[in-house]
Amino acid sequence: MRVIITPDYATLSVAAAKVVAELVRRKPTAVLGLATGSTPLGLYRELIRLHRDEGLDFRRVRSFNLDEYALPPDDPNSYRRYMHENLFRHINCPDGQWKVPEGHARDLDAAAHEYEEQLREAGGIDLQVLGIGRAGHIGFAEPGSSLAGRTAVVALHPTTRADAAAAGHFPNLDAVPTRAVTMGVGTILESRACLILASGKAKATIWAQFLEGPVTAQVTASALHLHPNVVAICDEDAASCLHDREQYRNAERVLADQPLLPTAI
Ligand code: PGA
(Lines give C-alpha, C1' and ligand atoms only; values in the text may rest on other atoms or scores of the structure.)
Protein backbone atom coordinates (compact mmCIF):
# COMPACT_ATOMS: atom_id res chain seq x y z
CA MET A 1 0.00 0.00 0.00
CA ARG A 2 1.26 3.49 -0.85
CA VAL A 3 0.60 5.90 2.03
CA ILE A 4 0.83 9.59 1.20
CA ILE A 5 0.62 12.27 3.87
CA THR A 6 -0.22 15.73 2.56
CA PRO A 7 -0.07 18.99 4.53
CA ASP A 8 -3.78 19.77 4.29
CA TYR A 9 -7.14 18.99 2.67
CA ALA A 10 -6.50 21.16 -0.39
CA THR A 11 -3.27 19.31 -1.19
CA LEU A 12 -4.93 15.96 -0.54
CA SER A 13 -7.71 16.82 -2.99
CA VAL A 14 -5.30 17.86 -5.73
CA ALA A 15 -3.17 14.72 -5.18
CA ALA A 16 -6.26 12.49 -5.37
CA ALA A 17 -7.53 14.24 -8.51
CA LYS A 18 -4.13 13.74 -10.12
CA VAL A 19 -4.46 9.97 -9.63
CA VAL A 20 -7.95 9.91 -11.16
CA ALA A 21 -7.07 12.31 -13.99
CA GLU A 22 -3.95 10.38 -14.97
CA LEU A 23 -6.02 7.22 -15.28
CA VAL A 24 -8.75 8.94 -17.32
CA ARG A 25 -6.13 10.45 -19.67
CA ARG A 26 -4.38 7.11 -20.08
CA LYS A 27 -7.63 5.12 -20.38
CA PRO A 28 -10.49 7.30 -21.69
CA THR A 29 -12.94 4.41 -21.21
CA ALA A 30 -12.01 3.97 -17.53
CA VAL A 31 -14.61 2.58 -15.16
CA LEU A 32 -14.49 4.58 -11.94
CA GLY A 33 -15.93 3.62 -8.58
CA LEU A 34 -17.00 6.79 -6.78
CA ALA A 35 -17.71 7.76 -3.19
CA THR A 36 -19.83 10.40 -1.46
CA GLY A 37 -19.49 12.26 1.85
CA SER A 38 -17.49 15.37 2.62
CA THR A 39 -14.04 13.89 1.94
CA PRO A 40 -14.18 13.58 -1.88
CA LEU A 41 -15.76 17.02 -2.44
CA GLY A 42 -12.35 18.65 -3.00
CA LEU A 43 -11.37 15.84 -5.38
CA TYR A 44 -14.55 16.44 -7.41
CA ARG A 45 -13.97 20.21 -7.43
CA GLU A 46 -10.49 19.63 -8.82
CA LEU A 47 -11.75 17.17 -11.46
CA ILE A 48 -14.32 19.79 -12.54
CA ARG A 49 -11.51 22.36 -12.79
CA LEU A 50 -9.38 19.97 -14.85
CA HIS A 51 -12.34 19.34 -17.15
CA ARG A 52 -13.01 23.06 -17.56
CA ASP A 53 -9.44 24.38 -17.79
CA GLU A 54 -7.50 21.46 -19.21
CA GLY A 55 -10.13 19.58 -21.20
CA LEU A 56 -10.12 16.42 -19.05
CA ASP A 57 -12.58 14.32 -21.02
CA PHE A 58 -15.19 12.13 -19.29
CA ARG A 59 -17.24 11.41 -22.42
CA ARG A 60 -16.42 7.70 -22.45
CA VAL A 61 -15.90 7.22 -18.70
CA ARG A 62 -18.38 5.09 -16.80
CA SER A 63 -18.83 5.08 -13.04
CA PHE A 64 -20.47 3.13 -10.27
CA ASN A 65 -21.07 4.68 -6.88
CA LEU A 66 -20.43 2.71 -3.73
CA ASP A 67 -23.72 3.15 -1.99
CA GLU A 68 -27.09 4.84 -1.63
CA TYR A 69 -29.42 5.56 1.27
CA ALA A 70 -32.82 3.88 1.24
CA LEU A 71 -34.32 7.06 -0.18
CA PRO A 72 -36.04 7.98 -3.46
CA PRO A 73 -33.48 9.05 -6.10
CA ASP A 74 -34.86 12.60 -6.22
CA ASP A 75 -34.62 13.06 -2.43
CA PRO A 76 -32.30 16.02 -1.73
CA ASN A 77 -30.19 13.74 0.49
CA SER A 78 -29.87 10.90 -1.99
CA TYR A 79 -26.37 10.14 -3.19
CA ARG A 80 -27.66 10.27 -6.78
CA ARG A 81 -28.50 13.91 -6.16
CA TYR A 82 -25.11 14.46 -4.46
CA MET A 83 -23.24 13.05 -7.48
CA HIS A 84 -25.27 15.12 -9.92
CA GLU A 85 -24.76 18.34 -7.94
CA ASN A 86 -21.12 17.87 -6.98
CA LEU A 87 -19.70 16.31 -10.12
CA PHE A 88 -21.78 15.17 -13.05
CA ARG A 89 -23.67 18.34 -13.88
CA HIS A 90 -20.28 20.05 -14.29
CA ILE A 91 -18.51 17.53 -16.55
CA ASN A 92 -19.21 15.78 -19.84
CA CYS A 93 -20.00 12.25 -18.67
CA PRO A 94 -23.37 11.44 -20.29
CA ASP A 95 -26.32 10.52 -18.05
CA GLY A 96 -26.74 6.78 -18.05
CA GLN A 97 -22.97 6.22 -17.90
CA TRP A 98 -22.80 7.06 -14.18
CA LYS A 99 -24.66 4.77 -11.85
CA VAL A 100 -25.65 4.85 -8.20
CA PRO A 101 -27.26 1.84 -6.50
CA GLU A 102 -31.03 1.99 -6.31
CA GLY A 103 -32.08 2.83 -2.77
CA HIS A 104 -35.78 2.84 -3.37
CA ALA A 105 -36.59 -0.13 -5.62
CA ARG A 106 -39.62 -2.29 -4.86
CA ASP A 107 -37.22 -5.24 -4.55
CA LEU A 108 -33.97 -3.85 -3.19
CA ASP A 109 -32.27 -7.26 -3.15
CA ALA A 110 -32.99 -7.80 -6.83
CA ALA A 111 -31.76 -4.25 -7.60
CA ALA A 112 -28.54 -4.90 -5.66
CA HIS A 113 -28.00 -8.12 -7.60
CA GLU A 114 -28.64 -6.27 -10.87
CA TYR A 115 -26.05 -3.61 -9.87
CA GLU A 116 -23.41 -6.31 -9.53
CA GLU A 117 -24.42 -7.61 -12.96
CA GLN A 118 -24.04 -4.15 -14.50
CA LEU A 119 -20.65 -3.83 -12.89
CA ARG A 120 -19.55 -7.13 -14.35
CA GLU A 121 -20.87 -6.19 -17.79
CA ALA A 122 -18.86 -2.97 -17.64
CA GLY A 123 -15.73 -5.08 -17.13
CA GLY A 124 -15.25 -4.24 -13.45
CA ILE A 125 -13.95 -1.12 -11.75
CA ASP A 126 -10.53 0.23 -12.70
CA LEU A 127 -10.19 2.63 -9.78
CA GLN A 128 -12.40 2.73 -6.71
CA VAL A 129 -12.40 5.98 -4.72
CA LEU A 130 -13.15 5.48 -1.01
CA GLY A 131 -13.59 7.50 2.14
CA ILE A 132 -13.51 5.97 5.61
CA GLY A 133 -16.25 6.38 8.21
CA ARG A 134 -15.48 6.81 11.90
CA ALA A 135 -16.89 3.28 12.29
CA GLY A 136 -14.11 2.08 9.95
CA HIS A 137 -16.41 1.44 7.05
CA ILE A 138 -15.74 1.62 3.33
CA GLY A 139 -18.94 2.21 1.40
CA PHE A 140 -21.55 1.38 4.00
CA ALA A 141 -19.87 -1.93 4.85
CA GLU A 142 -20.33 -1.38 8.58
CA PRO A 143 -18.46 -3.20 11.38
CA GLY A 144 -19.20 -6.91 11.26
CA SER A 145 -19.90 -6.98 7.51
CA SER A 146 -18.61 -9.95 5.57
CA LEU A 147 -15.20 -9.26 4.06
CA ALA A 148 -16.43 -11.25 1.04
CA GLY A 149 -19.76 -9.36 0.86
CA ARG A 150 -21.42 -8.25 -2.37
CA THR A 151 -23.83 -5.36 -3.03
CA ALA A 152 -26.66 -5.69 -0.52
CA VAL A 153 -29.11 -3.93 1.76
CA VAL A 154 -27.49 -3.07 5.09
CA ALA A 155 -28.35 -1.49 8.45
CA LEU A 156 -26.41 1.72 9.10
CA HIS A 157 -24.20 1.89 12.20
CA PRO A 158 -25.30 4.37 14.91
CA THR A 159 -21.99 6.28 14.50
CA THR A 160 -22.61 6.58 10.75
CA ARG A 161 -26.15 7.89 11.30
CA ALA A 162 -24.98 10.31 14.00
CA ASP A 163 -22.24 11.65 11.71
CA ALA A 164 -24.73 12.08 8.85
CA ALA A 165 -27.02 14.07 11.16
CA ALA A 166 -24.11 16.10 12.57
CA ALA A 167 -22.93 16.97 9.05
CA GLY A 168 -26.19 18.90 8.72
CA HIS A 169 -27.53 17.04 5.71
CA PHE A 170 -30.57 15.80 7.62
CA PRO A 171 -32.73 17.91 9.96
CA ASN A 172 -32.17 15.49 12.87
CA LEU A 173 -31.05 11.95 13.71
CA ASP A 174 -34.50 10.46 13.20
CA ALA A 175 -34.52 11.73 9.62
CA VAL A 176 -31.36 9.76 8.73
CA PRO A 177 -32.34 6.50 7.02
CA THR A 178 -31.65 3.32 8.96
CA ARG A 179 -30.95 1.31 5.81
CA ALA A 180 -28.80 1.66 2.72
CA VAL A 181 -27.65 -0.34 -0.28
CA THR A 182 -23.88 -0.72 -0.57
CA MET A 183 -21.24 -2.55 -2.50
CA GLY A 184 -19.72 -5.20 -0.26
CA VAL A 185 -16.09 -5.47 0.74
CA GLY A 186 -15.81 -8.36 -1.73
CA THR A 187 -17.07 -6.10 -4.53
CA ILE A 188 -14.60 -3.36 -3.57
CA LEU A 189 -11.67 -5.78 -3.42
CA GLU A 190 -12.32 -6.77 -7.04
CA SER A 191 -11.52 -3.24 -8.27
CA ARG A 192 -8.19 -3.10 -10.08
CA ALA A 193 -6.99 -0.30 -7.79
CA CYS A 194 -8.32 1.64 -4.81
CA LEU A 195 -7.77 5.22 -3.67
CA ILE A 196 -8.78 5.80 -0.05
CA LEU A 197 -8.85 9.30 1.43
CA ALA A 198 -9.09 10.73 4.94
CA SER A 199 -8.99 14.27 6.22
CA GLY A 200 -9.24 15.88 9.64
CA LYS A 201 -8.59 15.02 13.29
CA ALA A 202 -11.94 13.21 13.63
CA LYS A 203 -10.53 10.47 11.36
CA ALA A 204 -7.11 10.15 13.05
CA THR A 205 -7.98 7.22 15.36
CA ILE A 206 -9.79 5.13 12.77
CA TRP A 207 -7.16 5.92 10.09
CA ALA A 208 -4.47 4.50 12.41
CA GLN A 209 -6.61 1.42 13.12
CA PHE A 210 -7.11 0.93 9.40
CA LEU A 211 -3.42 1.31 8.48
CA GLU A 212 -1.70 -0.14 11.53
CA GLY A 213 -4.25 -2.42 13.21
CA PRO A 214 -5.21 -5.98 12.32
CA VAL A 215 -7.31 -6.97 9.31
CA THR A 216 -10.72 -7.29 10.90
CA ALA A 217 -14.39 -7.13 9.95
CA GLN A 218 -14.74 -4.60 12.78
CA VAL A 219 -12.84 -2.11 10.60
CA THR A 220 -13.88 -3.10 7.10
CA ALA A 221 -11.37 -0.66 5.53
CA SER A 222 -8.62 -2.91 6.92
CA ALA A 223 -9.53 -5.51 4.27
CA LEU A 224 -7.73 -3.23 1.80
CA HIS A 225 -4.49 -4.74 3.13
CA LEU A 226 -5.52 -7.81 1.11
CA HIS A 227 -5.59 -5.74 -2.10
CA PRO A 228 -2.37 -5.35 -4.11
CA ASN A 229 -3.00 -1.82 -5.49
CA VAL A 230 -4.13 0.64 -2.85
CA VAL A 231 -3.15 4.30 -2.57
CA ALA A 232 -4.04 5.86 0.79
CA ILE A 233 -3.87 9.65 0.97
CA CYS A 234 -4.48 11.61 4.16
CA ASP A 235 -3.72 15.04 5.53
CA GLU A 236 -1.55 15.77 8.59
CA ASP A 237 -4.57 15.90 10.90
CA ALA A 238 -5.81 12.45 9.86
CA ALA A 239 -2.22 11.12 10.09
CA SER A 240 -1.73 12.38 13.64
CA CYS A 241 -2.25 8.98 15.37
CA LEU A 242 -0.04 6.95 12.99
CA HIS A 243 3.02 5.37 14.63
CA ASP A 244 4.99 4.85 11.45
CA ARG A 245 4.63 8.30 9.92
CA GLU A 246 8.38 8.62 9.23
CA GLN A 247 8.48 5.36 7.29
CA TYR A 248 5.51 6.40 5.12
CA ARG A 249 7.29 9.68 4.30
CA ASN A 250 10.55 7.88 3.71
CA ALA A 251 8.91 5.33 1.39
CA GLU A 252 7.28 8.07 -0.68
CA ARG A 253 10.64 9.86 -1.03
CA VAL A 254 12.32 6.65 -2.15
CA LEU A 255 9.47 5.62 -4.47
CA ALA A 256 8.76 9.10 -5.85
CA ASP A 257 9.46 7.96 -9.43
CA GLN A 258 7.23 4.85 -9.18
CA PRO A 259 3.71 5.23 -10.65
CA LEU A 260 0.97 5.19 -8.02
CA LEU A 261 -1.32 3.02 -10.14
CA PRO A 262 -0.25 -0.06 -12.06
CA THR A 263 0.31 0.88 -15.69
CA ALA A 264 -1.50 -2.31 -16.76
CA ILE A 265 -4.93 -0.91 -15.77
P1 PGA B 1 -17.07 11.67 5.17
O2 PGA B 1 -17.61 10.18 5.13
O3 PGA B 1 -16.22 11.82 3.94
O4 PGA B 1 -18.29 12.52 5.12
O5 PGA B 1 -16.27 11.82 6.41
C6 PGA B 1 -16.72 9.15 4.87
C7 PGA B 1 -17.45 7.82 4.92
O8 PGA B 1 -18.37 7.66 5.73
O9 PGA B 1 -17.08 6.92 4.16
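When reading the values below, keep in mind they use all heavy atoms of this one structure, side chains included, and skip hydrogens, waters and symmetry mates. Whatever order the structure lists ligands and atoms in, that order sets their numbers, starting from 1.
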S.K.: Among I233, I132, V129, which residue meets the side-chain contact (heavy atoms from CB on, under 4.5 Å) test with I196?
M.R.: I132

S.K.: List of N/O pairs, ligand 1 versus protein, all under 3.5 Å?
M.R.:
residue	atom	partner	partner atom	Å
ligand 1	3 (O)	S38	N	3.2
ligand 1	3 (O)	T39	N	2.9
ligand 1	3 (O)	T39	OG1	2.4
ligand 1	4 (O)	S38	N	2.9
ligand 1	4 (O)	S38	OG	3.0
ligand 1	5 (O)	K203	NZ	2.5
ligand 1	8 (O)	H137	NE2	2.6
ligand 1	9 (O)	H137	NE2	3.3

S.K.: So, using side chain to side chain donor-acceptor pair (under 3.5 Å) as the criterion, who are the partners of Q218 when residues are at least two apart?
M.R.: none

S.K.: How would you list all residue pairs meeting side chain to side chain donor-acceptor pair (under 3.5 Å) that involve residues 187-200, not counting sequence neighbours?
M.R.: E116-T187, D126-R192, R150-E190, S199-D235

S.K.: Give every donor-acceptor pair under 3.5 Å between a side-chain atom in residues 253-265 and any protein atom, sequence neighbours left out.
M.R.:
none

S.K.: Between the side chains of S240 and D237, is a donor N or O closer than 3.5 angstrom to an acceptor N or O?
M.R.: no

S.K.: Hey, can you tell me if Y69 and Y79 have their rings parallel, tilted or perpendicular (30° and 60° cut-offs)?
M.R.: tilted

